[in-house]
Amino acid sequence: MLRYGGDYNPEQWPPEVWEEDVALMRRAGVNLVSVGVFSWARLEPREGTFTFGWLDDVLDLLHRGGVEVALATPTASPPPWFSLAYPDALPVTATGTRLLHGSRDTYCVSAPAYRAACRRIAGALADRYAGHPALAMWHVHNEYGTVCHCDHVAAAFRVWLRARYGDLDALNDAWTTAFWSQHYSDWAQVFPPRATQYLPNPTHVLDFRRFSSDELLAAYVEQRDLLRAASPGVPVTTNYVLGGWVPVDHARWAREVDVVAIDHYPADAGPGAEEETAFAADLARGWAGGGSWLLMESAPNLIYTGGRMHAKEPGRMARHSLAHIARGSAGAMFFQWRAPRGGAEMYHSAMVPHAGPESRVFAESAELGAVLGRLGEVAAGGVSAEVAILWDAASWWASQGRGLPSDDLDYAAALATVHGALWRAGVVCDFAAPDADLSAYRLVLAPSLYIVSARVTAALASYVDDGGTLAVWYFSGIVDEALRVWPGGHPGALRDVLGVQVEEFLPLAPGETVGLSTGERGEAWSERVHLAGAGAEVSYAGGRLDGLPAITRHRYGRGATWYVSTRLPRDALGHLLGRIVSAAGAGPTVSPAPGTERLATERLATERLATERLELVRRRDGAASWLFVINHADVAQEVPARGVDLVGGAPVDGTLWLPAGGYAVIREAGPVAL
Amino acid sequence: MLRYGGDYNPEQWPPEVWEEDVALMRRAGVNLVSVGVFSWARLEPREGTFTFGWLDDVLDLLHRGGVEVALATPTASPPPWFSLAYPDALPVTATGTRLLHGSRDTYCVSAPAYRAACRRIAGALADRYAGHPALAMWHVHNEYGTVCHCDHVAAAFRVWLRARYGDLDALNDAWTTAFWSQHYSDWAQVFPPRATQYLPNPTHVLDFRRFSSDELLAAYVEQRDLLRAASPGVPVTTNYVLGGWVPVDHARWAREVDVVAIDHYPADAGPGAEEETAFAADLARGWAGGGSWLLMESAPNLIYTGGRMHAKEPGRMARHSLAHIARGSAGAMFFQWRAPRGGAEMYHSAMVPHAGPESRVFAESAELGAVLGRLGEVAAGGVSAEVAILWDAASWWASQGRGLPSDDLDYAAALATVHGALWRAGVVCDFAAPDADLSAYRLVLAPSLYIVSARVTAALASYVDDGGTLAVWYFSGIVDEALRVWPGGHPGALRDVLGVQVEEFLPLAPGETVGLSTGERGEAWSERVHLAGAGAEVSYAGGRLDGLPAITRHRYGRGATWYVSTRLPRDALGHLLGRIVSAAGAGPTVSPAPGTERLATERLATERLATERLELVRRRDGAASWLFVINHADVAQEVPARGVDLVGGAPVDGTLWLPAGGYAVIREAGPVAL
Amino acid sequence: MLRYGGDYNPEQWPPEVWEEDVALMRRAGVNLVSVGVFSWARLEPREGTFTFGWLDDVLDLLHRGGVEVALATPTASPPPWFSLAYPDALPVTATGTRLLHGSRDTYCVSAPAYRAACRRIAGALADRYAGHPALAMWHVHNEYGTVCHCDHVAAAFRVWLRARYGDLDALNDAWTTAFWSQHYSDWAQVFPPRATQYLPNPTHVLDFRRFSSDELLAAYVEQRDLLRAASPGVPVTTNYVLGGWVPVDHARWAREVDVVAIDHYPADAGPGAEEETAFAADLARGWAGGGSWLLMESAPNLIYTGGRMHAKEPGRMARHSLAHIARGSAGAMFFQWRAPRGGAEMYHSAMVPHAGPESRVFAESAELGAVLGRLGEVAAGGVSAEVAILWDAASWWASQGRGLPSDDLDYAAALATVHGALWRAGVVCDFAAPDADLSAYRLVLAPSLYIVSARVTAALASYVDDGGTLAVWYFSGIVDEALRVWPGGHPGALRDVLGVQVEEFLPLAPGETVGLSTGERGEAWSERVHLAGAGAEVSYAGGRLDGLPAITRHRYGRGATWYVSTRLPRDALGHLLGRIVSAAGAGPTVSPAPGTERLATERLATERLATERLELVRRRDGAASWLFVINHADVAQEVPARGVDLVGGAPVDGTLWLPAGGYAVIREAGPVAL
C-alpha cells in the first residue's frame with residue numbers, strides 16, 4: 001500500500017467540520033494523516049494538565065473512516081504559557097536577542113526545561129495512544145532545525161567538544177587557534193559563535209553546526225525512546241526540512257529514524273521543479289540507505305518562488321508525487337489537508353482549498369488518490385543505480401563560510417548541476433556518504449567535496465584501485481575534517497588518486513569565462529593544474545592558463561579518475577558527463593533505441609533528447625519490476641516498454657505512448673533492458 | 001483668507017535674525033507660521049522649569065508683523081534630560097534595543113512618565129499663550145508615528161485588546177491561534193510582536209498597529225483637551241505624516257482634530273509628483289469628510305528621491321501649492337521658513353535658503369504669497385466629486401504582511417494607479433472609508449480592498465442595490481476584519497454582489513504577463529474566475545486561463561458591479577476606467593468640447609489627451625465657483641472657461657490660454673458645464 | 001637598503017618549519033619580518049604569566065639567518081582569557097550588542113583593563129627584546145580601527161569633548177543642538193551615537209569619529225612611549241589600515257609614528273589596481289610629510305574583489321611593489337610569509353603558498369627579492385611634486401553622513417578620480433593637508449573638500465594671492481569644522497577666492513546628465529552658479545541651467561583659481577586637468593617628446609597616450625636621481641632615459657625599451673628634463 005494524505009489540523013475547526021473532513025478523505029482515497037503537529041497548546045493548556053478528549057474523538061473518527069494516523073508530538077511549537085514559565089528556554093540569536101513566542105519553533109533545545117516539557121508531552125501521548133487502532137506511525141516534532149546561542153547551549157557545546165576532542169590542546173590544534181591569538185586555555189572560554197568583530201573561526205562555526213545537529217538529534221532520540229518503549233513495532237520518524245540553513249546532518253540522523261521522511265518544496269516554478277524533485281527524492285533514498293522512505297510534506301498547489309506563490313499547473317501535483325514514489329517514496333503526503341481560515345500560513349495550499357472541494361485541486365487530489373490505490377504493489381520495490389554522487393553535510397556547511405576563495409562556491413548548486421545533467425539524460429543515480437561502501441557503483445561523482453579526511457582519502461583510493469571510476473570537481477579534497485588545508489598543493493587529499501597537483505586557484509568574476517580546447521568555455525572558477533600522472537583530456541585555451549590542463553583523466557590501479565578544474569555550463573557539462581558515464585559503463589534506465597551505451601553518451605552530450613523531460617525510473621523487487629514513465633513535457637512522447645500500465649490498466653506491448661503531462665507505471669513483463 | 005507660511009524655528013537663531021525674519025515674511029505675504037515644534041529643550045531646560053521669555057518675544061514680534069501663529073507643543077522630541085530622568089520612557093525595537101536620544105521621536109507613547117511630561121509642557125503652553133493675540137491654531141506634536149515594543153506598551157496593548165475582544169476566547173478565535181499552537185491562556189502571555197523565530201501571526205501584527213494608532217491618538221487627545229479647555233474656539237490639530245510605515249489610521253484620527261493637516265513630500269521627481277500631489281490632497285479631503293483641510297508642510301525646493309535632493313523646477317512650488325488648494329487645502333505651508341546652519345536636516349529646503357533672500361526660491365515664495373493673497377475668496381469653496389475610491393488603513397497594513405500570495409500586492413500602488421488614471425483624464429474623485437455613506441457617488445472603486453467586514457459587505461451591496469456602480473479589483477474582500485478568509489471561494493465578502501467566484505490565485509512573476517481578449521496583457525496577478533451571475537467583459541486569452549473571465553460586469557439590484565481579476569498596465573487601465581466611468585454616468589471637471597460623456601471615455605481610453613497634464617478642479621460655494629486650471633505640461637494649452645482669472649486679474653471669455661507651467665484660478669460666471 | 005619581507009607567524013608552525021622558513025627567506029632575499037602580531041595568547045597564556053622562550057628561539061634563528069625583525073605588540077587580538085576576566089572591556093555596537101572573542105579586535109579601547117593589559121604585554125616585550133640584535137623596528141598593534149559605544153567610551157568621549165569645547169554652551173552651539181530639541185544641559189547626557197529613532201546629528205557623529213581617532217592614538221602612544229624608553233633609537237610604528245570605515249585620522253597620527261606604515265590591498269582587479277596603488281602610495285608619502293614611508297602589508301597573489309580572490313597576474317606583484325617604492329616606500333612587505341593551514345584567513349595569499357616553494361608565487365617572490373637587493377641606493381631618494389591634492393579625513397567622514405544633498409557625494413571617489421587622471425597623464429602629485437604649507441606647489445586641487453575652516457580659508461587665499469593656482473570642485477567649502485553651513489551662498493568659505501556664488505544645488509539622478517558648452521556632459525551634480533568676479537570657462541548648455549557658468553576661472557592676487565561645479569566623466573576630466581595643469585606651469589615626470597607643457601595638455605586632454613599605462617616616477621637625492629619606469633601595459637613601450645638600469649644592469653642611452661609588464665630603475669646621468 002502506498003501512503004496518501006497530509007497534515008491534518010482538526011484543532012483549527014469545530015467538530016462538525018471533522019465529519020466532513022473524514023468523508024472527503026474517503027472520497028480522495030486518503031489513508032494516512034499527520035495529526036497533532038501543532039497541538040501542544042490544545043493538548044496541554046496549562047503545564048501538566050492534559051486535554052486529550054478532542055484528540056480521542058478525532059482519532060476514533062479517523063479510524064472509523066479507515067484513515068490511519070501519523071501521530072505527532074507537538075514539540076516544535078511550545079505554547080505561550082511555556083515562554084512565561086521558562087524564559088530561559090527561549091532561543092537567543094548570535095547578537096543576543098532572546099526571541100519570543102508568536103510564531104513557531106521558539107525554544108532552546110539545550111534548555112533543561114524544554115527537554116523536560118518535551119518528554120512530558122511525548123510520554124503522555126505515548127501512554128494514551130500507544131494502543132490506538134488508528135496509530136500507524138509516530139511523527140516526532142516538526143522540521144528540527146532551531147539554533148540557539150544562549151548559555152545553556154554554551155554548556156552543552158562544551159560537553160560535545162570535550163567528547164570530540166578530549167582536551168583543549170586537541171581543540172586548539174583542530175581549530176587552528178594560533179591564528180589571531182584565539183588559543184583557549186579553559187573550557188569556560190568556549191562559546192557558541194556569537195557576534196564578534198570580524199571574520200569568525202571557520203572550524204568553530206562548523207563544529208557548532210555539527211554540535212547543533214547532534215544536540216537536536218539527542219532531543220529527538222529522547223522522544224523516540226519513550227514512544228518506542230510504549231509501542232514497540234510502531235515506526236517512529238521525524239520530517240526533515242531541507243535547505244542551506246538547516247543545522248541537521250540528515251545522513252547521520254537516518255540511523256535513528258525508522259523511516260526517513262522529508263518535506264519537499266521546490267523553489268523553481270519552471271522546469272527546474274522536476275529536477276529539484278528528483279534531487280530531493282534521490283537524496284532521501286540515499287539517507288535511507290537505498291531503502292524506502294516517505295515524502296511527508298509537499299504542496300498540492302504551490303511553488304513559492306521569487307516572493308510569490310506559483311499555482312501548480314494542472315496535473316503537476318500528480319507528476320511530482322509519482323516522481324517521488326518512482327524514486328522510492330512509500331507514498332505522497334501533503335501540507336496540508338484543509339486550508340486554514342487564518343494564521344501565518346493561511347495561503348499555503350491545501351488538498352481542500354479555501355474554495356472547498358468543488359475545485360480543481362480537490363478533484364486532482366481525488367484522482368491522484370485513486371491512481372495511488374492501484375499502485376500498491378510497487379511499495380515493495382527498491383531502486384538501484386550504477387552511479388553515485390557523494391553528499392557530505394559538513395562540506396556544504398563549510399562552503400557557506402566566509403573567507404573562501406570565492407563566494408560562488410555553492411555546494412548545493414554544484415551537486416544539483418551534476419544531478420540535473422544526469423536527470424536530463426535519464427541516468428538514475430544515488431547519493432552516498434563519502435565513507436560509504438561504494439563498491440557497487442560503476443561511477444562515483446564528487447562535485448565540490450571540500451572536506452576529505454584521511455579515512456575518506458584511503459576509501460576513495462581503494463574504490464578506484466578496485467576498478468571503480470571516480471570523477472572529482474574543483475574545490476574537493478582541499479581540507480581535512482577540521483578545515484585544515486592538506487599541504488603540498490591542492491587537492492591535497494586526492495592528488496595521488498587523481499594524478500594532478502593544483503598550484504593556485506583562479507576564481508573568475510561573473511561574466512568572465514575561460515576558453516577550453518573543446519571550444520567550450522569554463523566559468524566561475526579555474527586553476528593552475530599540473531599533471532602528476534594524469535593526462536589532459538581538455539586544456540585551457542587562451543589567457544593565463546593557455547595550454548594547461550583543464551580536465552584530466554588518470555588510470556589508478558584497476559580504475560580511473562577524472563578531474564574537472566572549472567565550472568562547465570549546462571551543455572558542456574552534459575557533454576562531459578556523457579563521456580564519463582559512458583566510459584564507466586553506466587547508462588540510462590531505458591534505451592529508446594538499440595545501443596544503450598552510445599546513446600547515453602549522445603544524450604548527455606547533445607541534450608537533443610529524443611525523450612525530452614521524460615522521466616524514467618524503475619523499482620524492482622526480486623524478479624518483479626515496475627517502470628515509472630512520467631512525461632513532464634508539453635508534447636506527447638513514446639518510450640519502449642512491455643507489460644501492464646497500472647495507472648490505466650491497459651497492456652503495453654513494445655511502445656508506450658504518453659500525452660503531454662501523462663504518466664504510466666508499467667508492471668514489466670519479459671526481459672528488461674537496463 | 002488662505003494660509004501661507006511654514007515652520008519657523010527662531011530658537012536656532014539669535015534675536016537679530018528674528019527681526020529680519022518678520023520683515024521677510026511680510027515681503028513674502030506669509031500670514032501663518034508654526035512655532036515651537038522642536039522647542040522643548042529651550043522651553044523646559046530642566047524638568048519643571050520653564051523659560052518662556054524668548055517665545056513671548058517671538059510671538060509678540062510676529063503679532064506686530066501681522067503673522068499669526070500655529071503654536072506647537074514640542075512633544076515629538078523630548079530633550080536629553082528626559083532620557084536620563086526616565087530611561088524606561090525611551091522606545092524599544094522589536095529586537096529589544098532601547099533607543100537613545102540624539103535624533104527626534106525618542107519616546108515610548110505608553111510610558112507614564114512621557115505622558116505626564118507631555119501634559120505638563122502642553123498645559124504650561126496652554127496657560128501662557130491661550131490668550132495671545134498671535135495664536136491662530138494649536139499644532140500638537142509633530143508627525144505622530146513612533147512605535148515601541150517595551151513592557152509599558154505590552155501592558156497598554158493588553159488593555160486595548162481586552163476592550164476589543166472582551167475575553168481571551170474571542171482573541172484566540174480572532175487571531176486563529178489554533179495555528180502553530182499559539183493559544184493564549186493568560187493575558188500576561190500577550191506581547192507586542194517582538195522578534196520571533198519565523199513568520200508572525202498576521203492578526204497579531206495588524207492589531208498591534210491598530211493599537212499603536214489608538215494609543216498615539218490617546219496621547220494626542222490628552223493634549224488637545226488641555227488646549228481646548230484653555231482656549232475654546234482655537235482650532236487644535238496635528239500634522240499627519242504619510243507613508244507605508246506610519247501606524248496611524250488617519251481617517252479615525254480625523255474625528256479628533258479640528259482641521260485635518262497633512263505634510264506632503266512627493267517621492268517621484270518626474271511627472272509622478274503631480275499625481276502624488278493630487279492623491280495626497282484628495283486623501284486629506286476624504287479624511288476631512290470632504291471639507292477644508294490644511295497642507296501643513298511641503299518643500300519649497302526639494303523632492304527627495306533615489307538618494308538625492310531634486311531641486312524643484314522654477315514654478316513647480318507654486319503649481320503644487322495651487323493643486324493642493326484646488327483640492328480643498330486652506331492654504332500652503334512649508335517646511336521650513338529659513339534653512340538652518342546645522343543639524344540633521346540642514347539641506348532640507350527652505351523659503352529662505354542658505355543663499356538668502358536674494359534667490360530664486362525666495363522670489364518664487366514671495367510671488368506665490370502675492371498670488372495667494374488674491375485668492376482668499378476660494379477658501380469658502382468645497383470640492384465635490386461623483387467618483388469615490390475606497391481607502392482603508394487596515395487593508396493597507398495587512399497587505400504589507402508576510403505570507404501573502406505575492407509580494408507584489410502593493411495596496412498604496414494599487415490605489416495610486418487607479419487614482420492616477422482618473423487624474424490624467426481630469427476626473428476628480430474623493431477617497432471614502434468603506435463604511436461611509438456612499439450614496440452621493442455615481443461610482444465607487446475598490447482596488448485591493450483586502451479586508452471587508454460583514455457590515456461593509458452589506459453596505460456595499462445596499463449601495464449597488466440602490467443604483468450605484470461598484471468596481472472591484474482582485475484581492476478585495478478576501479478576509480474579515482480579523483484576517484480570516486471568507487470561506488467558499490474568493491472574494492468571499494463580495495461574491496454575491498459581484499456575481500463571480502474565484503477558485504484560485506495565479507500570481508505572475510516579474511516580466512510574466514497574461515493575454516486578454518482585448519489584445520492587452522495583464523501582469524502581476526491573475527485568477528481562475530467562475531461566473532456566478534456576472535458576464536465576462538474581457539476574457540483571458542492563451543495560457544492556463546484561456547477563455548475564462550478576466551473582467552466581469554454584473555447587474556445587481558438597480559446598480560452594476562465590475563470585477564477586475566488582473567493588473568492592467570497604464571493604457572489598458574485608462575481604457576477600462578474610461579468605460580466604467582462613462583457607464584456610471586460620471587466624467588471630468590471640464591469638457592473641452594461638446595459631448596462630455598463620450599469624451600471622458602475617449603480620454604481615459606486613449607490617453608491622447610487634448611489636455612495633457614492640465615489639471616482642472618472646481619471649488620464651489622453655493623452658486624459661486626472657482627475653476628483652478630494648472631498647466632503642468634511643457635507646452636501651452638487652452639481650456640474653455642468663462643469668468644475672471646484671480647491670479648492675473650483678467651477676464652476670461654470662453655477660452656483660457658495658459659503658457660507652459662502657467663496657472664489660473666477663474667471666478668466663474670454664467671452656467672457651468674460639469 | 002630596501003626592506004623586503006612580510007608578516008611571519010611562527011606560532012602557527014612547529015619549530016622544524018621555522019628552520020625551513022629561514023632558509024627560504026634567505027633564498028627569497030627577505031631581510032625584515034613582522035613577528036608577533038597575533039601572538040598574545042602564546043606570549044601570555046594566563047594573565048601575567050609570560051612564555052617568551054619560543055619567541056627567543058625565533059628571533060635568534062632569524063638573526064642567525066640575517067633577517068631583521070619588526071617586533072609587534074599583540075594587542076590587536078586579546079586572548080579568550082581576557083574576555084572572561086574583563087567582560088566590560090569587550091566592544092559594544094551602536095545597537096547595544098556586546099561582541100565576544102572568536103575573531104580579532106575584540107576590545108574596547110577606552111576600557112581601563114584593556115589599556116592596562118596592553119601596557120603590561122608591551123612593557124614585557126620591551127624589557128625582554130629591547131636589546132635583541134634582530135630587533136629593527138617596533139610594530140605596535142595591527143590596523144587600529146575598532147570602535148566601541150559602551151559606557152567607558154561615553155566617559156572618555158565626554159572628557160574629549162570638554163577638552164575640545166570647554167563648556168556645554170560651546171558644544172551646543174557647534175552641534176546646532178537647537179535643531180530637534182537636542183540641547184545638552186549636563187555632560188552626563190552626552191553619549192556615543194547609539195541607535196536612535198531617525199537621522200542622527202551629523203556633528204555628533206563626526207566628533208565621535210574624531211574622538212575615536214584620538215582615543216586609539218592615545219592607546220598607541222602609551223605603548224610607543226614604553227618601547228621608546230626601553231630602546232631609544234629603534235623606530236616605532238603601527239600599520240595603517242585604509243578604508244572608508246576606518247576611524248583614524250592618519251595625517252594626525254603621522255606625527256606620532258617614527259615611520260608611516262600602510263597596508264595596501266587594492267579593490268579593483270582590473271587596471272584600476274595600479275591607480276589605487278599609486279593613490280595609496282602618494283597618500284602615505286603625504287602623511288609622511290613627503291619623506292620615506294613603508295608598505296607594511298600587501299598581497300603576494302590576491303586582489304579581493306566582488307566576493308572573490310583574484311590571483312595576481314604573473315609579474316604584477318613586482319610591479320605593484322616597485323610602484324610603491326617609486327613613490328617613496330622604504331621597501332615592500334607582504335601579508336604573509338607562509339599560508340596558514342587553517343583559521344579565518346587561510347586563503348589569504350602568501351609568499352610561500354599552500355603549494356609550497358615550488359610555485360610561481362615563491363619564484364616571483366625570490367626574483368623580486370633579488371631585484372630589490374640591487375636597488376638599495378634608491379632608499380635615500382625622495383619624491384617631489386609640483387601638484388598637490390588636498391586630503392582631509394574629516395571631510396571624508398562628514399561626506400559619509402546621512403541627510404546630504406546626494407548619496408553620490410563620494411569623497412574618496414572624487415579624489416581618486418582626479419588623482420587617476422593625473423596618474424594616466426604621468427603627473428606625479430602629493431597629498432597635503434588643507435592647513436599645510438602649500439607654497440612649494442604650482443597647483444593645488446581641492447575635490448569635494450566639504451569642510452573648510454576660517455583658518456583654511458585664509459591659508460588658501462594667501463596661497464593663491466602669492467601666485468598659486470587653486471582648483472576647487474563642487475561641494476567644497478560648504479561648512480565649517482562643526483558642519484555649520486557658511487552663510488550667504490555656497491561655497492561660503494571660498495566664494496571670495498573663487499569669485500563665484502552658488503545659489504542652489506541640483507544633484508542629478510543616475511543616468512541623468514547635463515550638457516556643457518564644450519559638448520561634453522556633466523553627471524551626478526550641477527549647480528546654479530553666479531559669477532562674482534570669475535569668468536565662465538565652460539557653461540551649461542540646455543536644461544534649467546542653460547547658459548549659466550559650469551566651470552569658472554578667476555584671477556586672485558598673483559594667482560588663479562578654478563571652480564568646477566559638476567562631475568566630469570573620465571575624458572572630460574582629463575581634458576580639463578590638462579588645461580589646469582598646463583596653465584599652472586606643471587607637467588609630467590618625463591616628456592616623451594619636446595614641448596612638455598603642450599604634451600601634458602594633450603595627454604591629459606585626449607588620453608591617446610603615446611605612453612599608455614606607463615608609470616614614470618623619479619626619486620632624487622641631491623644631484624642623484626633614479627627614474628622608475630614600470631610598464632603596466634600589455635604592449636612593449638619606449639621612453640626617453642639615460643643612465644644605468646639597476647634592475648638589469650644595462651646602460652640606457654637615450655631610449656629605454658620595455659616589454660609588456662617590464663620595469664626598470666634608471667640611475668640617471670646628465671641633465672634630466674623635468
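Naming convention: chains lettered A, B, ... in sequence-line order (proteins, then strands); numbering from 1 in each chain.
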> Kindly check if the number of other-residue, nucleotide or ligand heavy atoms within 6.0 Å of CZ (A:R164) is above 12?
yes

> What residue, out of C:P80, C:A41, C:A311, C:G342, has the most heavy-atom pairs lying under 4.5 Å from chain A?
C:P80

> Under a 4.0 Å N-O cut-off, is there an ion pair linking A:E503 with C:R360?
no

> Out of A:A195, A:G492, A:G96, A:S406, which one racks up the most heavy-atom pairs below 4.5 Å with chain C?
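It is A:A195.
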
> Would you mind telling me which of C:E313, C:E11, C:R98 has the largest number of heavy-atom pairs within less than 4.5 Å of chain A?
C:E313

> Do you know which of A:G489, A:P405, A:P507, A:A178 has the most heavy-atom pairs with chain C at a distance under 4.5 angstrom?
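Max contact count across the listed options: A:P405.
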
> Where is the tightest heavy-atom contact between A:P200 and C:A344, given as atom of each residue plus distance?
O-CB, 3.4 Å

> How long is the gap from OH on A:Y184 to CG on C:L84, to the nearest 0.5 Å?
10.5 Å

> Which of the residues A:V190, A:V502, A:L199, A:L483 is involved in the greatest number of heavy-atom pairs with chain C at under 4.5 angstrom?
A:L199

> Count the heavy atoms of every other residue, nucleotide or ligand shown that sit under 6.0 Å from CG of A:D167, and state whether that count exceeds 12.
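Yes, because the 6.0 Å sphere around CG of A:D167 holds more than 12 heavy atoms from other groups.
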
> Give, as side chain, backbone, both or neither, the part of C:P91 having an atom under 4.5 angstrom from any heavy atom of chain A.
side chain

> In Å and rounded to the nearest 0.5 Å, what is the OG to CD distance from C:S103 to A:Q182?
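With rounding to 0.5 Å, OG (C:S103) is 7.0 Å from CD (A:Q182).
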
> Using non-hydrogen atoms and a 4.5 Å limit, figure out which bit of C:Y304 sits close to chain A: side chain, backbone, both or neither.
side chain

> Relative to the ring of C:Y347, is the ring of A:Y450 parallel (under 30°), tilted (30 to 60°) or perpendicular (over 60°)?
tilted

> For the NE2 atom of C:H354 and the CD1 atom of A:I478, what is their distance to the nearest 0.5 Å?
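Answer rounded to 0.5 Å: 10.0 Å.
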
> First locate atom CD of C:E345, then atom CH2 of A:W180, and finally report the distance between them rounded to the nearest 0.5 Å.
4.0 Å

> For the candidates A:A94, A:A482, A:A188, which exhibits the highest count of non-hydrogen atom pairs separated by less than 4.5 Å from chain C?
A:A188

> For C:L100, is there any backbone N or O sitting under 3.5 Å from a side-chain donor or acceptor partner on A:T196?
yes

> For C:R42, is it the side chain, the backbone, both or neither that has a heavy atom under 4.5 Å from a heavy atom of chain A?
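For C:R42, neither part sits under 4.5 Å from chain A.
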
> Taking atom CZ as the centre, does C:R46 end up with more than 12 heavy-atom neighbours from other residues, nucleotides or ligands that are less than 6.0 angstrom away?
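Not buried by this count: 12 neighbours or fewer within 6.0 Å.
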
> Is it the side chain or the backbone of C:D105 that comes within 4.5 Å of chain A heavy atoms, both, or neither?
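Both parts, heavy atoms under 4.5 Å.
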
> By a 4.5 Å heavy-atom criterion (distance strictly below it), what part of C:S83 contacts chain A: side chain, backbone, both, or neither?
neither

> Checking heavy atoms, do the side chain of C:N301, its backbone, both or neither come under 4.5 Å from chain A?
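Just its side chain gets close to chain A.
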
> For the candidates A:V205, A:T203, A:D408, which exhibits the highest count of non-hydrogen atom pairs separated by less than 4.5 Å from chain C?
A:D408

> Tell me whether C:T106 contacts the main-chain N or O of A:Q197 through its side chain, where contact means a donor paired with an acceptor under 3.5 Å.
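Side chain of C:T106 to backbone of A:Q197: no pair is present.
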
> Kindly compute the distance separating CH2 (C:W81) from CG (A:D186), expressed to the nearest 0.5 Å.
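Separation between the atoms: 13.0 Å.
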
> Looking at A:R544, A:H183, A:H490, which makes the most heavy-atom pairs under 4.5 Å with chain C?
A:R544

> Let's go through C:R341 and A:D480 carefully: what are the C-alpha distance in whole Å and the side-chain angles of both, what is the deciding distance for side chain to side chain contact (heavy atoms under 4.5 Å, CB included) to 0.1 Å, and is it a yes or a no?
CA-CA 10 Å; C:R341 281 201 64 193; A:D480 69 11; 3.8 Å; yes

> With side chain to side chain contact (heavy atoms under 4.5 Å, CB included) as the test, would you mind laying out the steps for C:M309 and A:L404 before giving the verdict?
CA-CA 8 Å; C:M309 296 177 174; A:L404 293 174; over 6 Å; no

> Using a strict threshold of under 4.0 Å (side-chain N to carboxylate O), is an ion pair present between A:D407 and C:R308?
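Here C:R308 does not pair with A:D407 in a salt bridge, since their nearest N and O are not under 4.0 Å apart.
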
> Are A:T176 and C:M346 side-chain neighbours, meaning at least one heavy-atom pair lies under 4.5 Å?
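They are not in side-chain contact.
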
> How far does CZ of A:F191 sit from NE2 of C:H101, to the nearest 0.5 angstrom?
6.0 Å

